[in-house]
Amino acid sequence: MSIDSGKNTEGANKPYSPQEIEKEIYQLWEKSGFFAPDAPEAHQPETGNLPSSKLTNWKTDKLENSALGEAEGFCIIMPPPNANEALHLGHAVMFTIEDALIRYHRMKGDKTLWLPGADHAGFETQVVFEKKLEKEGKSRFDFDRETLYQMIWDYVQKNKHTMEEQARSLGASCDWSREKFTLDPQIVKIVYDTFKKLYDDGLVYRGKRVVNWCPKHQTGLSDLEVKYEEREDKLWYIKYPIADPSTSSGYKTSNLSPEQDDKVAASKAYIIVATTRPETMLGDTAIAVNPKDKRYKDLVGQKVKLPLTNREIPIIADSAVEVDFGTGAVKITPAHDQTDFEISQRHNLETLEVIGKNGKMTEIVPEPYRGLKTIEAREKVVADLSAQGFLEKEEPYKHTVGACYKCGRTIEPLAMEQWFIKIDPLAKKAVEAVKKGNVKFVTKKYEKIFLHWMKIIKDWNISRQIVWGIKIPVWYCGAAPSAAESAEASRSEAKADKCFVISDDKPDKCEKCGATEFEAETDTFDTWFSSGQWPFATLKASQPGDFEKFYPTSVMETGYDILFFWVARMIMLGIYCAGDVPFKYVYLHGLVRDKDKQKMSKSKGNVINPLAVIDEHGADALRMSLIFGTSAGNDIVVAEDKVVAQKRFANKIWNASKFVLDNISDTDNPDLHPDDTDKKFTKQDKWILKELKRTIKKVTQDIEKYKFHEAAQEAYHFFWHKFCDKTIEDVKIRISNNATDADAGRLVLWTVLRDSLKLLHPFMPFVTEAIYQKLPAKPKEMLMIEEWPTS
RNA sequence: GGGCGAUUAGCUCAGUGGUAGAGCGACUCGUUUACACCGAGUAGGCCGUAGGUUCAAUCCCUACAUCGCCCACCA
């Protein structure tokens with residue numbers, strides 16, 4: 001890595017080669033210790049050791065003002081990448097923007113902390129790992145909990161290391177000495193404390209609710225983890241005979257369409273319901289109609305006989321039922337439908353679980369259906385209903401069905417005991433904080449989306465039936481069930497209504513019931529429960545004083561796709577646990593798309609590996625291309641063209657610098673002291689110096705306003721098309737003519753180059769630092785800790 | 001069904017209450033000793049449509065069209 005000086009022609013015509021210098025430069029930075037906020041040298045001008053060049057006489061007077069002491073804190077908590085796979089371009093965007101911010105603030109003299117981390121990413125990781133097992137012909141159910149956990153642990157440690165190396169190759173100037181992992185003991189302890197606090201405050205409850213059960217992954221999912229797909233299905237109309245037909249004489253049909261009227265008239269002894277899931281009728285515990293529905297007014301309170309079983313179930317009135325849909329009467333299956341469950345709560349209905357966790361019909365259904373898969377049961381139920389004359393009709397029906405966001409398997413709503421967080425009190429505070437401006441969204445539109453979501457938010461199911469994660473610190477009182485019992489029987493039912501103790505470790509005795517034997521909870525926390533505490537948890541687990549100095553952090557920068565999953569939860573939990581918002585600004589970047597605007601995904605095969613791009617074009621080029629022509633919150637299109645364009649820019653910077661350095665270090669030329677030369681500034685010189693000031697001002701303002709793309713473009717345009725195309729070309733002639741104003745020109749070249757390197761450094765740290773290392777006059781050890789120029 | 005966006009050059013996208021911008025591409029010149037991963041130029045846009053506010057609208061407002069995203073318990 002050298003900029004060939006002077007007459008050495010060997011390196012001429014050789015393009016800038018980032019591969020040769022980037023690794024070396026990163027090591028220089030990392031070894032220096034300047035990534036940490038507490039490296040005092042980072043904020044002091046270096047007084048000794050300056051090269052003896054005459055150029056050093058002319059150094060910025062701002063150096064003397066570099067006041068130590070009152071430096072402001074600037075802190076970004078890095079969104080911890082999932083430690084389960086290599087980084088993708090979305091991460092590259094995150095690293096680029098955050099690193100640019102961090103480098104800018106570091107140069108401004110702020111005490112700057114960028115705290116890196118890695119996320120165990122519970123369910124995500126387990127899914128990735130299970131796929132790996134599948135490829136090897138195994139299943140997670142082949143292993144006991146401890147073995148499986150250890151296997152995933154080893155797998156994650158390996159990936160975590162890969163991720164860190166990738167971050168380095170992107171130039172991330174984060175403080176690795178403070179890196180945290182979501183499963184670090186200190187972090188886990190904080191998560192436990194939070195859970196306890198929530199419970200003590202009555203904000204955690206255990207309850208039977210309908211959860212989104214994925215039969216493949218055998219776990220419940222939060223509402224956010226369910227994706228809805230449109231399906232062509234059928235709507236079956238089933239006749240439920242009124243238990244005592246004689247009382248149905250008052251049955252009013254006047255509000256029905258003529259067609260419906262006929263049918264009802266022909267079957268007065270029935271009430272007809274429409275359903276997309278006939279198999280669940282075996283678990284029906286009521287029929288519900290809208291209280292305002294005059295057609296059914298007289299039937300409310302009566303009973304119907306459930307076909308295929310001998311059970312009688314009541315007809316109830318509930319306003320959740322839509323009058324206009326279907327027949328206006330709906331079958332209620334509390335155990336397998338969210339709405340039905342809520343209705344059942346209001347009417348104290350029994351909950352019958354007819355579908356098990358394995359997606360098959362349970363033991364409590366009539367014998368012929370037991371053990372059938374739901375889809376088989378559906379066919380049989382329909383056939384039987386039809387044979388017995390209970391099927392009124394079926395019609396095609398298009399509707400949306402919930403599916404697991406990972407495997408696409410249809411979600412099976414099941415009533416289960418789960419841990420929930422009462423979200424309303426937390427959401428209210430979060431909304432207040434945002435409305436008061438304590439948290440500002442850099443892109444306003446996300447504030448609206450956030451507020452809208454907080455309005456409709458529901459209690460948060462934080463239990464997952466997976467092993468990879470932080471175990472919920474609950475101990476159920478009483479002896480552990482035998483192996484046989486626990487193997488098959490559903491854990492949640494066995495534990496329902498049991499007394500329990502919340503404790504990090506196995507307790508000695510339960511204060512409430514006196515139990516001395518305990519069964520440990522096996523559920524783990526939703527990964528977002530722990531990462532939702534990340535800003536304060538990392539700072540508290542970090543070095544003493546970090547929390548006090550850096551909380552609330554300055555900015556949270558992440559993708560908009562995890563606004564609800566993560567950002568909202570951090571705001572809620574941050575306020576609740578740490579007494580203040582976790583960050584002052586939220587900057588949300590968009591999704592990275594390919595040149596055809598397609599979302600990058602493995603299945604489409606259009607994923608670009610950032611490392612491959614770096615290998616080919618350099619990290620600077622990649623970074624710049626991710627910022628150029630983008631804007632906050634909008635999706636980012638990455639095509640190789642763009643990267644190549646920025647690679648050329650890096651080359652341009654390299655070569656222009658080479659020219660400048662070759663010329664200003666020419667000792668045959670007279671003194672470059674400004675006193676002697678500034679009077680000889682040409683009109684052209686004054687123009688570029690003025691443009692420089694203007695550019696510094698613009699770039700600074702743009703970064704302060706989080707308009708990175710504008711800042712980068714401004715710096716780019718200034719350097720290439722003003723400095724290189726105009727000034728260098730102009731001065732080049734003056735120098736070769738040995739004109740009287742040649743030295744003034746040299747001074748201009750030097751001045752503009754030096755400040756340009758600073759302006760470009762946050763975006764293209766490698767090439768700018770490499771050149772800085774070659775400067776004859778180097779007030780600081782490295783560009784990374786140089787003074788940000790002022791206009 | 002609700003909510004939120006987008007519509008600007010051939011392509012990908014910035015931007016602004018006052019003569020329209022970049023990158024890539026196209027075309028014409030130029031092998032000038034930092035760089036051909038270059039330079040000098042050129043072409044190309046009623047800034048989605050229709051109204052409104054304004055001295056002035058691509059920008060603000062209202063409809064409409066098209067596209068996209070998010071949210072949602074019509075069985």
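Values reported hereafter were calculated over all heavy atoms of this structure, with side chains retained and with hydrogens, waters and symmetry mates removed. Below, read A as the first sequence line, B as the second, and so on, with proteins coming before strands; counting in each chain starts at 1.
- Of the candidate nucleotides B:A14, B:A75, B:C37, B:A75 has the atom nearest to the side chain of A:His399.
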Practice problem: Begin with the C-alpha distance, continue with both residues' side-chain angles, and end with the deciding distance and a verdict on salt bridge (Lys or Arg N to Asp or Glu O under 4.0 Å) for A:Glu229 and A:Lys227. | Solution: CA-CA 7 Å; A:Glu229 294 171 357; A:Lys227 292 297 156 221; over 6 Å; no
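- For A:Tyr397 and B:A75, the shortest distance from a side-chain N or O to OP1 or OP2 is below 4.0 Å.
- Atom name C1', nucleotides B:U53 and B:U62: the rounded distance is 11 Å, in whole Å.
- Nucleotide B:A14 holds its C1' atom 12 Å from the CD atom of A:Glu714, rounded to whole Å.
- Looking at the side chain of A:Lys658, the nearest of the listed nucleotides B:A34, B:A72, B:C13 is B:A34.
- None of A:His336, A:Arg378, A:Lys331 except one satisfies the side chain to side chain donor-acceptor pair (under 3.5 Å) rule with A:Thr280; the exception is A:Lys331.
- In this structure, A:Trp720 reaches the B:G39 phosphate: one of its side-chain N or O atoms is under 4.0 Å from OP1 or OP2.
- Separating the CD1 atom of A:Ile449 from the P atom of B:C69 is a distance of 13 Å, rounded to the nearest angstrom.
- Rounded to an integer number of Å, the gap from A:Glu729 CD to B:C38 C1' is 9 Å.
- Side-chain N/O atoms of A:His721 include none lying less than 4.0 angstrom from OP1 or OP2 on B:A22.
- Across B:C13 and B:A72, the matching C1' atoms stand 33 Å from one another, rounded to whole Å.
- Among the protein residues, A:Asn634 comes within range of the sugar-phosphate backbone only, with heavy atoms under 4.0 Å from sugar or phosphate atoms but none that close to a base.
- Shown are A:Asn290, A:Leu235, A:Val330; of these, the side-chain contact (heavy atoms from CB on, under 4.5 Å) with A:Phe325 is made only by A:Leu235.
- Distance noted for atom C1' between B:G25 and B:A57: 31 Å (whole Å).
- Nucleic acid contact for A:Phe649: none, since no nucleic acid atom lies under 4.0 Å from a heavy atom of the residue.
- Remark: B:G17 base-pairs with no nucleotide in the shown strands. Criterion, Watson-Crick or G-U wobble with two distances under 3.5 Å.
- Side-chain proximity of A:His452 to the nucleotides B:C37, B:A75, B:C71 is greatest for B:C71.
- Look at the C1' atom in both B:U66 and B:U28: the space between them is 39 Å, to the nearest Å.
- The side chain of A:Ala656 lies closest to B:A34 when the candidates are B:A22, B:C37, B:A34.
- At a threshold of 4.0 Å, the pair A:Asp293-A:Arg295 counts as salt-bridged, since one of the basic side-chain nitrogens sits closer than that to a carboxylate oxygen.
- In this structure, A:Phe564 and A:Trp453 have parallel ring planes: the angle between them is below the 30° cut-off, well short of the 60° mark.
- As rounded to the nearest Å, B:C4 and B:G41 have C1' atoms that lie 45 Å from one another.
- Remark on RNA chain B: of its neighbouring residues A:Thr630 and A:Lys732, the 5'-side contact belongs to A:Thr630, judged by nearest-heavy-atom nucleotide.
- Counting to the nearest Å, the P atom of B:C71 and the CD atom of A:Glu225 are 12 Å from each other.
- Taking the six-membered ring where the residue is Trp, A:Tyr397 and A:His399 present tilted rings, their angle falling between 30° and 60°.
- Counting to the nearest Å, the P atom of B:G21 and the NE2 atom of A:His717 are 11 Å from each other.
- In this structure, A:Glu322 reaches the bases: a heavy-atom distance under 4.0 Å links it to at least one base atom across the strands shown.
- Pair check for B:A75 finds none; no Watson-Crick or G-U wobble contact set falls under 3.5 Å.
- The CH2 atom of A:Trp654 sits 13 Å away from the C1' atom of B:C35 (whole-angstrom rounding).
- Distances shorter than 4.0 Å separate none of the side-chain N or O atoms of A:Lys445 from OP1 or OP2 on B:C70.
- Partner assigned to B:C38 is B:G30, using Watson-Crick or G-U wobble distances below 3.5 angstrom.
- Checking B:C60 for Watson-Crick or G-U wobble geometry (two distances, each under 3.5 Å) identifies B:G52 as its partner.
- No engagement by A:Val273 is indicated, since no non-hydrogen atom pair under 4.0 Å with the nucleic acid exists.
- A gap of 16 Å separates the P atoms of B:C35 and B:A40, to the nearest Å.
- Among the heavy atoms of the strands lying under 4.0 Å from A:Lys458 are primed sugar atoms or P, OP1, OP2 only; no base atom is included.
- Base pairing of B:A43: no nucleotide in any strand meets the Watson-Crick or G-U wobble criterion (both distances under 3.5 Å).
- Considering only side-chain N and O atoms, A:Thr339 lies nowhere under 4.0 angstrom from the phosphate OP1 or OP2 of B:A75.
- Pairing for B:U66 is with B:A6, a Watson-Crick or G-U wobble pair whose two hydrogen-bonding atom distances lie under 3.5 Å.
- Residue contacts shown for A:Asn651 include a base, since a base heavy atom lies under 4.0 Å away.
- Between B:G48 and B:A75, the two P atoms lie 39 Å apart (nearest whole Å).
- Atom P of B:U7 sits at a distance of 14 Å from the matching atom of B:C61, rounded to the whole Å.
- Under the Watson-Crick and G-U wobble criteria, each requiring two contacts below 3.5 Å, nucleotide B:A22 is paired to B:U12.
- Of all nucleotides listed (B:A14, B:C24, B:U16), B:U16 comes nearest to the side chain of A:Lys707.
- Contact check, A:Lys448 against B:G5: a side-chain N or O comes under 4.0 Å of OP1 or OP2.
- Distance A:Glu710 CD to B:G21 C1': 11 Å, rounded to the nearest Å.
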Quiz item: Going through the checks in order, is the side chain to side chain contact (heavy atoms under 4.5 Å, CB included) test met by A:Val442 and A:Leu588?
Solution: CA-CA 7 Å; A:Val442 171; A:Leu588 297 172; over 6 Å; no
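- Taking atom CG of A:Asp620 as the reference point, atom C1' of B:C37 lies 15 Å away to the nearest angstrom.
- Ion pairing between A:Lys726 and A:Asp730 fails under the 4.0 Å rule for side-chain N and carboxylate O.
- In this structure, A:Ala645 and A:Ile456 both approach RNA chain B, and ranking their closest nucleotides by distance from the 5' end singles out A:Ala645.
- Contacts of A:Asp725 with the nucleic acid, taken as non-hydrogen atoms under 4.0 Å apart, involve only primed sugar atoms and P, OP1 or OP2.
- For A:Trp213 and A:Glu412, the side-chain atoms include no donor-acceptor pair closer than 3.5 Å.
- Side chain of A:Thr276, nearest nucleotide from B:G15, B:G2, B:A75: B:A75.
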